[in-house]
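I have placed the structure first, in the form of structure tokens, so that the comments after it can refer back to it.
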Amino acid sequence: MNDAQAKLTVRGLKVFFGQFLALRGVTMDIAANEVLGIIGPAGSSKTTFLRALNRLNELTPGTRVEGTVLLDGEDIYHPACDPVMLRKRAGMLFALPVPLPMSIYDNIVYGVRLCGVRTRARLDELVEQSLKAAFLWDEVKDRLRTSALRLSGGQQQRLCLARVLAMEPELILLDEPCSGLDPISTARIEEALTALKARYTIILVTNNTKQAARVADRTAFFLMGELIEYGPTNQLFTTPHDSRTDDYVTGRFG
Amino acid sequence: MQRHFHEELAALKHELVRMAALAETMIGDAITVLVRRDAAPLTAIAGMEEQVNAMQREIDETCLRLIALHQPTASDLRFIIGAIKTNGELERLADQAVNISHKAERLLEELPLTTFVLIPRMSSIASSMVKDALHAYVNLDTAQARRVILSDEQLNELKATVTNEMTALMRKEPATITRALDIILVTRNIERIGDHAKNIAENAVFVAEGRDIRHTHEL
């Protein structure tokens, strides 16, 4: 993969929390329109890496970042880069769904309205598009005005995905999005991700290695803040090059 | 759960080693019938064949269950796929030992045709290949697997030598034709055992390195 094709170019990325070096110099290219799976045991800095891609780490006091992250060739850590605009381009989904205490409809248009979209027709269109893309439309189309808090956990998570999509991001960053979901809800999210990669670049942090195997085009294995191995998912799960990767994906540790 | 899974893998290895040991005994016994003109081992061979067949079904069932319940990956997945293939090779090479014993039994009813020198040598090479290929597979010893693959050539050469001798004999004395043909077929059976052992050795390389060297003439 050369720089011309890469959506994200990460070079020597280090993240310090105070004196502690959490991410130890990661270099990788992430292609557009692919799902990248990030696996590794707890404490391997998967989430820190993910949060370095939309500059969420800096909300933690004492954080320092070294190295570069280029999004379509632009340095996201350049002083001229507005983190709020960056986070609009790089939407994020967390382990626990965070529906806002308002209707399904209002949840989805919340961010869009903040960005100045006001016309009713446009908002309706965004709600329908996003809910369809998140595989939730059929289940909620008749009750868009009811509270989002009444949805099941799996539906809430897809609602949050729809809310991310309504912002029309380029990257979707997912931090363990299925950890609290049942297998059927998990399958729906995975189906949605597979369909969404045609339009977005998706980075999925997961503790469920089987999920990375099912969904990701490429997989990266992190261990104690280092990127140990990065390659086509098929290769990582059949013939990993590094014995530590083999030990992790076969469940010998972690 | 993972520990339990890896214990099951260890048990699977053990079963394959046991199956290979049975097959080796069958080969040795079949050759005894032929060379020493001793019918005694025939019953034991038939009994061992049944055991090997039962083990083949059990091992495949174990592999299927391990894949379904644990969804293994990487080296574990390669090991289980290797077990399924190795299992099939062992059953087929045990069948070759049974084939040898049938010909040996038939030859008991006739006058001895020759003293056997090359056939015991072939059989001992084939038996070692089976043992070494299995050892290479369970211990991920690719150097040993490669030695097994190379020794297959010796069997092919010995088989050609015996075939030439028997053909000459048949020309000279047509009365020997049925017996000589049986002996040629025995060498073919032994050579097939070597081929199965070679397949197991190629499996061992796949399991250890993730490289498929079949039909590539690479080592």
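First the proteins, then the strands, lettered A, B, ... as listed; each starts at 1. Not measured: the values here are computed from a predicted model.
- Ion pairing between a basic and an acidic side chain is recognised when a charged N comes within 4.0 Å of a carboxylate O; B/R65 and B/D60 show no such pairing.
- Counted within 6.0 Å of CZ on B/R92, heavy atoms from surrounding residues, nucleotides or ligands total 12 or fewer; the atom is thus considered open.
- A distance-only check finds a donor-acceptor pair linking the side chain of B/Y137 to the backbone of B/F79 [under 3.5 Å].
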_Could you walk me through whether B/Q56 and B/N87 satisfy the side chain to side chain donor-acceptor pair (under 3.5 Å) test, starting with their C-alpha distance in whole Å, then the side-chain angles of each, then the deciding distance to 0.1 Å, before giving a yes or no?_
CA-CA 6 Å; B/Q56 185 191 23; B/N87 187 25; 5.3 Å; no

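- Taking 4.5 Å as the heavy-atom cut-off, none of the residues of residues 180-190 of chain A approach chain B.
- Contact residues of residues 237-246 of chain A toward chain B are A/F237, A/T238, A/T239, A/P240, A/D246 (heavy-atom distance under 4.5 Å).
- A/F49 and A/F222 have tilted rings, their planes meeting at an angle from 30° to 60° on a 0 to 90° scale.
- Atoms NE2 and CZ, from B/H6 and A/R252 in turn, are 3.5 Å apart once rounded to the nearest 0.5 Å.
- Remark: A/L227 CG to A/I38 CD1 distance equals 8.5 Å, nearest 0.5 Å.
- With hydrogens and angles disregarded, a donor-acceptor distance shorter than 3.5 Å links the side chain of A/R87 to the backbone of A/R55.
- Between A/F221 and A/Y230, the gap from one ring centroid to the other reaches at least 6.0 Å.
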